[in-house]
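Step one of this worksheet: look at the structure below.
Each residue takes its place number in the sequence, starting with 1. Any value given below was found using the heavy atoms of this structure, including those in side chains, with hydrogens, waters and symmetry copies removed.
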Amino acid sequence: MSFVEYSDCIQDGDVAIVYLGHESMTPVKVKRGAQTQTRYGVIRHSTDLIGQRYGSKVTCSKGGWVYVLHPTPELWTVNLPHRTQILYTTDIATITMMLELKPGSVVCESGTGSGSLSHAILRTIAPTGHLHTVEFHQQRSEKVLEEFKEHRVDHLVTVRNQDACKDGFGVTGVADAVFLDIPSPWEAVRHAKAAMKKHGGRVCSFSPCIEQVQKTCEAFSDQGFEDINSIEVLLRVHDVRTVYLPLPDFGPDPSAQIQPDSTITPPQNHASIAVKTTIPPRDVQGHTGYLTFATKPRT
């Protein structure tokens, strides 16, 4: 099992996602002889998981069942242990696209946090790219490195425990893209520029407050970055439902041949038709943060 390579069968030592429903999933470290308790009963790793194909329907001890899914960055985002506030798929998709990430890209990131974006970046730049990620908090950096090894992506990433605002990213002239998710990103802009390749590249800063965005834009401009713009991504999920619409009664067909003595009785109950439609949400997800993008020109 690897977060960047798909495996057919569950093996001892894998991290699998036990799926009970859209709002109920949990990551499980598969270990021979171990058990996992769910509301549908016990899952025995040796007999119920190891050797089974990912995506299998597993029956628990109480007769209920669950699906066991292969881990992906998207599933990890909604199941990971929160050590910090994290980025979710809506922002992550925009970041990976706007930074023009692809297999082989070299990326610098600060801070690593809980590793939500890191896993998505690693999947995008594999198998030949590399992520240089910086985390100020020592315990968080140690824990995320442990997770990278457990998820078998540690060969694609270098984790540094340092302050990006003071010490930079530990590399110079290698990055195709840089991502900043720190309280004062404007203090790290010069380090981001130094880490990027001479032929240029893209940088993104995530900030929840507009005052942070203003200072960061000024720093980008002072460092000679171009194409500076900020966006806010809001997600609006519609509900799909079945509704019944009455068919209109337009009366008798005037073109039909009607006998003089015939009696036309209008229908008492109009027919209806079932259709699928979408219902907009009453509450829309609120503000998460602003994404500020800029381009380093060729030097």
Do you know which two heavy atoms are closest between [X] and [Y], and how far apart they sit?
{"X": "Glu232", "Y": "His287", "answer": "OE2-ND1, 2.5 Å"}
{"X": "Ile125", "Y": "Val107", "answer": "CG2-CG2, 4.1 Å"}
{"X": "Arg236", "Y": "Pro280", "answer": "NH2-CB, 3.4 Å"}
{"X": "Pro71", "Y": "Ile17", "answer": "CA-CG1, 4.0 Å"}
{"X": "Tyr40", "Y": "Trp65", "answer": "CD1-O, 3.7 Å"}
{"X": "Gln139", "Y": "His137", "answer": "OE1-CE1, 3.1 Å"}

Decide yes or no on side chain to side chain contact (heavy atoms under 4.5 Å, CB included) for Phe179 and Leu117, but give the supporting numbers first. CA-CA 10 Å; Phe179 177 76; Leu117 176 65; 3.3 Å; yes
With a 3.5 Å distance limit and no angle check, can you tell me whether [X] reaches the backbone of [Y] through a side-chain donor-acceptor pair?
{"X": "Thr278", "Y": "His238", "answer": "no"}
{"X": "Ser184", "Y": "Glu187", "answer": "no"}
{"X": "Gln138", "Y": "Asn161", "answer": "no"}
{"X": "His191", "Y": "Cys165", "answer": "yes"}
{"X": "Lys193", "Y": "Gln223", "answer": "yes"}
{"X": "Thr124", "Y": "Ala120", "answer": "yes"}
{"X": "Ser105", "Y": "Lys102", "answer": "yes"}
{"X": "Arg241", "Y": "Thr277", "answer": "no"}

What about [X] and [Y], same hydrophobic cluster or not, with Ile/Leu/Val/Met/Phe/Trp/Tyr joined at side-chain heavy-atom distances under 4.5 Å?
{"X": "Tyr67", "Y": "Val28", "answer": "no"}
{"X": "Ile50", "Y": "Val68", "answer": "yes"}
{"X": "Met25", "Y": "Val66", "answer": "no"}
{"X": "Met196", "Y": "Val189", "answer": "yes"}
{"X": "Leu122", "Y": "Val106", "answer": "no"}

For Glu23, side-chain hydrogen bond (donor to acceptor under 3.5 Å, both in side chains) partners two or more places apart: none
Across all chains, not counting sequence neighbours, the side-chain hydrogen bond (donor to acceptor under 3.5 Å, both in side chains) partners of Lys29 are Glu150
Just do the salt bridge (Lys or Arg N to Asp or Glu O under 4.0 Å) check on Glu74 and Arg123 with the steps written out, would you? CA-CA 10 Å; Glu74 291 80 11; Arg123 196 260 308 274; 2.5 Å; yes
Neighbour count >12 (heavy atoms, 6.0 Å) for atom CZ, Phe293: yes
Go through the steps for Glu135 and Ser110 under the test side chain to side chain contact (heavy atoms under 4.5 Å, CB included), then give the verdict. CA-CA 6 Å; Glu135 173 55 51; Ser110 181; over 6 Å; no
Spacing of Gln35 atom CD and Arg44 atom CZ [to the nearest 0.5 Å]: 5.5 Å
Using side chain to side chain contact (heavy atoms under 4.5 Å, CB included), reason through Leu291 and Ser230 one step at a time and then give a plain yes or no. CA-CA 5 Å; Leu291 296 173; Ser230 296; over 6 Å; no
Checking side-chain polar atoms at under 3.5 Å, does Thr133 have a donor or acceptor matched by the opposite partner on Glu109? yes
Whether the His151 and Ser2 side chains hold a donor-acceptor pair (N or O, under 3.5 Å, no angle test) is what I'd like checked. no
Using a 3.5 Å cut-off and no angle test, enumerate the donor-acceptor pairs between side-chain atoms of residues 213-221 and protein atoms at least two apart in sequence or in another chain.
unit_1, atom_1, unit_2, atom_2, d
Thr216, OG1, Gln212, O, 2.8

Asp14 with Arg152: basic N within carboxylate O range, under 4.0 Å: yes
Salt bridge or not between Arg298 and Glu226? Use side-chain N to carboxylate O under 4.0 Å. no
Could you name each residue pair satisfying side chain to side chain donor-acceptor pair (under 3.5 Å) that touches residues 170-183, not counting sequence neighbours? Asp176-Lys197
Is there a side-chain contact between Leu131 and Ser118 (heavy atoms, below 4.5 Å)? yes
Is there a side chain to side chain contact (heavy atoms under 4.5 Å, CB included) between Thr38 and Ile43 once you walk through the steps? CA-CA 7 Å; Thr38 74; Ile43 300 173; 3.9 Å; yes
Can you list, pair by pair, the side-chain donor-acceptor contacts under 3.5 Å of residues 3-12, counting residues two or more places apart and other chains?
unit_1, atom_1, unit_2, atom_2, d
Ser7, OG, Met1, N, 3.4
Asp12, OD1, Arg32, N, 3.2

Per-pair distances, 0.1 Å, donor-acceptor, side chain in residues 81-99, under 3.5 Å, sequence neighbours excluded:
unit_1, atom_1, unit_2, atom_2, d
Arg83, NH1, Glu147, OE2, 2.9
Arg83, NH2, Ser114, O, 3.3
Arg83, NH2, Glu147, OE1, 3.1
Thr84, OG1, Ser114, N, 3.3
Thr84, OG1, Ser114, OG, 3.2
Asp91, OD2, Thr288, OG1, 3.1
Thr94, OG1, Thr90, O, 3.2
Thr96, OG1, Ile92, O, 3.2
Thr96, OG1, Ala93, O, 3.1

